[in-house]
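Step one of this worksheet: look at the structure below.
When a residue number appears, it is its place in the shown sequence, counting from 1.
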Amino acid sequence: MLIRSYEKKDFDAILELDRMCFHDAWSVQNWKETLKMQQYRCFVVEEESPRGFLLVSTATDEGEILKIGVAVMHRGKSYGMELLKEAFRHWRIEGVKNIFLEVRASNDSAISLYEKVGFQKIGRRKNYYKQPKEDAIVYSLQLGMLEDK
């Protein structure tokens with residue numbers, strides 16, 4: 001397993017993973033625009049081909065997890081955890097102190113991963129997601145409070 005930064009050759013695989021993992025997958029244009037902007041960074045987990053991805057953003061001393069997706073047939077192999085660890089390393093170098101995310105209230109596997117790492121629930125956004133309509137749980141993490149994960 002290799003965790004690395006996104007490369008242009010990964011674009012089609014990331015689009016496909018996004019469609020497989022999310023009801024509300026982003027459009028080609030949305031992905032293209034996002035990946036061009038400096039504040040966004042995408043990490044890829046690869047075994048022969050991309051098996052998962054993590055899209056994050058950084059603004060001053062705050063980080064945000066925007067999307068994390070792992071192909072269904074490759075879940076349960078710690079890919080999500082390894083992607084998060086790589087983002088944490090990146091954010092430490094960037095001087096990020098606090099990390100935020102929203103997750104569907106029904107996404108038990110993602111919630112379990114985030115809480116295992118140390119994220120704390122800080123709020124709920126009613127009907128945040130549209131397809132299907134669902135609440136978002138908001139989490140935060142103080143990066144300095146983590147041991148070197």
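Separating the CD1 atom in Ile68 from the CG atom in Leu84 is a distance of 4.5 Å, to the nearest 0.5 Å. Rounded to the nearest 0.5 Å, atoms CD1 (Ile122) and CG (Leu101) are 8.5 Å apart. To the nearest 0.5 Å, the span separating NZ on Lys32 from NZ on Lys8 amounts to 10.5 Å. Between Gln39 atom CD and Glu64 atom CD the span is 10.5 Å, to the nearest 0.5 Å. Atom CZ of Arg92 is separated from atom NE2 of His90 by 12.5 Å, given to the nearest 0.5 angstrom. The structure places CZ of Arg51 at 12.0 Å from CG of Leu2, a figure rounded to the nearest 0.5 Å.
Counting heavy atoms from C-beta on, the side chains of Met1 and Ile3 come closer than 4.5 Å. Between Tyr79 and Glu47 the shortest side-chain heavy-atom distance falls below 4.5 Å. Two residues are said to be in side-chain contact when any heavy atoms from C-beta on lie closer than 4.5 Å; Lys116 and Met81 meet this criterion. Ser140 is not listed as a side-chain neighbour of Asn98, based on a closest heavy-atom distance of 4.5 Å or more. Between Phe43 and Arg89 the shortest side-chain heavy-atom distance does not fall below 4.5 Å. Counting only heavy atoms from C-beta outward, the side chains of Gln120 and Gln142 never approach each other to under 4.5 Å. Side-chain atoms of Glu94 and Leu143, non-hydrogen and from C-beta on, never get closer than 4.5 Å to each other. When side chains are defined from C-beta on, Trp91 counts as touching Val56, because their heavy atoms get closer than 4.5 Å.
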Determine, step by step, whether Tyr128 and Val138 satisfy the side chain to side chain contact (heavy atoms under 4.5 Å, CB included) criterion, reporting the C-alpha distance in whole Å, the side-chain angles of both residues, the deciding distance to 0.1 Å, and the verdict. CA-CA 11 Å; Tyr128 181 77; Val138 182; over 6 Å; no
Go through it in stages, so that I can follow the logic: the residues are His74 and Leu17, the test is side chain to side chain contact (heavy atoms under 4.5 Å, CB included), and I'd like the CA-CA distance, side-chain angles, deciding distance and then a yes or no. CA-CA 11 Å; His74 296 287; Leu17 285 165; over 6 Å; no
Run the side chain to side chain contact (heavy atoms under 4.5 Å, CB included) test on Asp10 and Arg4 for me, step by step, so that the C-alpha distance in whole Å, both residues' side-chain angles and the decisive distance to 0.1 Å come before the verdict. CA-CA 11 Å; Asp10 300 321; Arg4 60 173 174 76; 2.7 Å; yes
Using the rule given for side chain to side chain contact (heavy atoms under 4.5 Å, CB included), can you reason through Leu15 versus Arg19, listing the C-alpha separation, both sets of side-chain angles and the distance that settles it, and then say yes or no? CA-CA 6 Å; Leu15 284 177; Arg19 289 184 191 118; 4.0 Å; yes
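Under a 3.5 Å cut-off, the side chain of Arg41 and the backbone N or O of Thr58 do not form any donor-acceptor pair. Counting only distance, with no hydrogens or angles, the side chain of Asp135 and the backbone of Asn127 share a donor-acceptor pair below 3.5 Å. A donor-acceptor pair under 3.5 Å links the side-chain atoms of Asp18 to the main chain of Trp26, judged by distance alone. Between the side chain of Lys9 and the main chain of Tyr6, no donor-acceptor pair closer than 3.5 Å is present.
Checked against side-chain contact (heavy atoms from CB on, under 4.5 Å), Arg75 has the following partners two or more places apart in sequence or in another chain: Cys21, Val70, Val72.
Taken together through direct or relayed side-chain contacts under 4.5 Å among Ile, Leu, Val, Met, Phe, Trp and Tyr, Leu66 and Phe11 form part of one hydrophobic cluster. Note on Tyr40 and Val44: same hydrophobic cluster, where clusters join Ile, Leu, Val, Met, Phe, Trp and Tyr whose side-chain heavy atoms are under 4.5 Å apart, directly or indirectly. Note on Ile14 and Leu35: same hydrophobic cluster, where clusters join Ile, Leu, Val, Met, Phe, Trp and Tyr whose side-chain heavy atoms are under 4.5 Å apart, directly or indirectly. Ile99 and Val117 fall within a single hydrophobic cluster, where Ile, Leu, Val, Met, Phe, Trp and Tyr side chains are chained together by heavy-atom contacts under 4.5 Å. Linking Ile, Leu, Val, Met, Phe, Trp and Tyr whenever their side-chain heavy atoms come within less than 4.5 Å puts Met37 and Phe53 in one cluster.
Ring-plane geometry between Phe119 and Phe88 is classed as tilted, the angle between the planes lying from 30 to 60 degrees on a 0 to 90 degree scale.
More than 12 heavy atoms of other residues, nucleotides or ligands lie within 6.0 Å of NZ in Lys130, so this atom counts as buried by the packing criterion.
When ring centroids are compared, Phe22 and Trp31 stay outside the 6.0 Å threshold.
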Would you list the atom pairs, donor with acceptor, under 3.5 Å between side chains in residues 108-115 and any protein atom, with sequence neighbours excluded?
unit_1 : atom_1 : unit_2 : atom_2 : d
Ser109 : OG     : Asn107 : OD1    : 3.3
Glu115 : OE2    : Tyr139 : OH     : 2.6

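Applying the 4.5 Å side-chain rule to ILVMFWY residues, one finds that Ile93 remains a lone member of its cluster.
Nearest heavy-atom pair across Gly52 and Leu83 is C-CD1, 4.2 Å. Looking at every heavy atom in both residues, Pro132 comes nearest to Arg104 through O-NH1, 3.0 Å. Taking every heavy atom of both residues into account, Glu102 and Ala136 meet most closely at CB-CB, 4.1 Å.
Salt bridge annotation for Asp61-Lys97: absent, with no cationic side-chain nitrogen under 4.0 angstrom from a carboxylate oxygen. Under a 4.0 Å N-O distance rule, the pair Glu82/Lys85 qualifies as a salt bridge.
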